[in-house]
Amino acid sequence: MSDIIDNIIARVQVSPIFRSREYMRPDYVPDELPHRETQIRALGDILVHAVKGEAPSNVFIYGLTGTGKTAVTKFVLSNLHRRAPDKFSFVYVNARQSDTPYRVMADVIETLGGKVPFTGLSTAELHRRLQRTVNDVRKVVILVLDELDALIKRHGDELLYRLTRINVELSVSRVSIVGITNDVTLVDELDPRVKSSLGEVEQVFPPYNAVELEDILKRRASVAFKLGVVSDEVISLCAALAAREHGDARRALDLLRVAGEIAEREGKQVVRQEHVYQARTEIERDRMHDVIQTLPFHSKLVLLSIVEGSKRDRSLTTGEVFEIYRGLTRKLGLESVTQRRVSDIVNELDMLGVITASVVNRGRYGKTKEIKLSVDRKSILEVLNEDERLHGIWS
DNA sequence: CCTCCACCGGAACTTACGGAGT
DNA sequence: ACTCCGTAAGTTCCGGTGGAGG
């Protein structure tokens, strides 16, 4: 038995494919960021004041996913910080992971060395502690808020407003904010006061084109993979596939990494184009699997109802889904949620990409949502079957 | 041209929970 | 022991609506 493990370990240790896998990790920040020189210079020009111990202007950065916003910001800040570690500190918070005002403030306090309970305090109290912590740092603090859109959409711009005003009540330290967002329309939803304060400087990150992506992949592959393992064709394919999705560099790197892993598993010496295609489906499958598996129970039931309902190949309405869902809960002897809630769950499933739901007007027959599965029925059932609470309730 | 269906979707409120502060 | 707080999930209430059919 243990020889199986030995085998696996041996394969990892002397991988015929990878030289140094860590360079392909999604959160790895390389020493150079090709094709982002303009953005690095522009952001550097703004933030360089921190090196003199002065607070830079607030910056607002937009750009689609995988255009290097996060990488460039981290790159600029850590390089500046290396030259003047005693002049300023910077804090990076991802507002998608910490998607409540409480957690964002808690994160900031923690990275600045403060301690704060996981829950239990009022946001007002947390805000007070944040001010104290920042003041104790006694220098310029640059606050990077990544994926701000997630926070704003759910909790509004209250926190942002407070943060932009925090300087007023500080004696020694100063705070500058770098806001990063994928959503270009976000600014319109902001309070004008926040808008003018945060948008002192704005910067746009354009997507990479296929040629640039190819170059990025080539550089990365040359350090991450062994020589001759990844051909130019494979790289072009990854670049082309990712360029089709608005030039997302992260996606391109993921494709290449997973393709490499597949080749490795198969014991091959080189990565081929077919591995890239396999990687594409594998990435998608894994994502779906995670999404469905972590769904709240009633969302799973609603999804199951949609699967059941779409047997006869026609689209469903919210009312029909609700009926089937009611049947399921009755079978299980559970309370059911209201139709209002089911309507929201349908929207959530739509956003996750498991189904497509679009509002349609059927005149006399009302206005409803047309709901269709956008993932293979069998693979959904497979994942749902992993939940033992759902065992044996469908045919 | 008007009606009226079958929902949509915003907003305020509830409940349960984990945890702090005092 | 008691009060206060934030979060997540859900409920209640309700005004809104595009277009097929009369």
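Note that the structure is a prediction, hence the values are computed from the model and not measured. Order of the sequence lines fixes the chain letters, A, B, ..., with proteins taken first and strands second; residue numbering starts at 1 for each chain.
No side-chain heavy atom of A:D248 sits under 4.5 Å from any side-chain heavy atom of A:T67. Taking the side chain as every heavy atom from C-beta outward, A:V223 and A:S20 never approach each other to under 4.5 Å. Under the 4.5 Å side-chain criterion, counting only non-hydrogen atoms from C-beta, A:I380 is in contact with A:V354. A:S197 places a side-chain heavy atom less than 4.5 Å from the side chain of A:N58.
For the pair A:I345 CD1 and C:dA8 P, the interatomic distance rounds to 16 Å; values are reported in whole Å. Between A:L316 atom CG and B:dC7 atom C1' the separation is 15 Å, expressed in whole Å. Taking atom CG of residue A:D350 and atom P of nucleotide B:dG9, one finds them 10 Å apart after rounding to whole Å. In this structure, A:L121 atom CG and C:dT7 atom C1' are separated by 14 Å, rounded to whole Å. Protein atom CD of A:E370 is 15 Å distant from nucleotide atom C1' of B:dC8, rounded to whole Å. One can place CG of A:L151 at 14 Å from C1' of C:dT7, the figure rounded to the nearest angstrom. The distance from atom CZ of A:R128 to atom P of C:dC5 is 13 Å, rounded to the nearest whole Å. If you measure from atom NZ of A:K300 to atom C1' of C:dA9, you get 16 Å, rounded to the nearest angstrom.
DNA chain B lies under 4.0 Å from at least one heavy atom of each of the following residues of residues 353-365 of chain A: A:V359, A:G363, A:R364, A:Y365. A heavy atom closer than 4.0 Å to some atom of DNA chain C occurs in A:S336, A:V337, A:T338, A:R340, A:R341, these being the qualifying members of residues 335-344 of chain A. For the contact set between residues 93-115 of chain A and DNA chain B, defined by any heavy atom under 4.0 Å, there are no members.
For A:S122 and C:dG6, the shortest distance from a side-chain N or O to OP1 or OP2 is not below 4.0 Å. A sub-4.0 Å separation between OP1 or OP2 of B:dC5 and a side-chain N or O of A:T368 is absent. Phosphate contact (OP1/OP2 of B:dC4, side-chain N/O of A:K367, threshold under 4.0 Å): absent.
Around atom CD of A:E388, no more than 12 heavy atoms belonging to other residues, nucleotides or ligands sit under 6.0 Å away. Within 6.0 Å of CZ in A:R219 there are more than 12 heavy atoms belonging to other residues, nucleotides or ligands.
Applying the ring pair (Phe, Tyr, Trp, His ring centres under 6.0 Å) test to every pair with at least one member in residues 45-85 of chain A, sequence neighbours left out, gives these pairs: A:F60-A:Y62, A:H81-A:F88, A:H81-A:F90. Applying the side chain to side chain donor-acceptor pair (under 3.5 Å) rule to pairs touching residues 359-375 of chain A yields A:N347-A:K369, sequence neighbours excluded.
The side-chain contact (heavy atoms from CB on, under 4.5 Å) test applied to A:E158 returns A:R162, not counting sequence neighbours.
Under a hydrophobic-cluster definition in which Ile, Leu, Val, Met, Phe, Trp and Tyr are linked whenever side-chain heavy atoms come within less than 4.5 Å, directly or via other members, A:V104 and A:Y92 are assigned to different clusters.
Put simply, the residue from A:R257, A:R250, A:R251 that forms a side-chain hydrogen bond (donor to acceptor under 3.5 Å, both in side chains) with A:D254 is A:R257.
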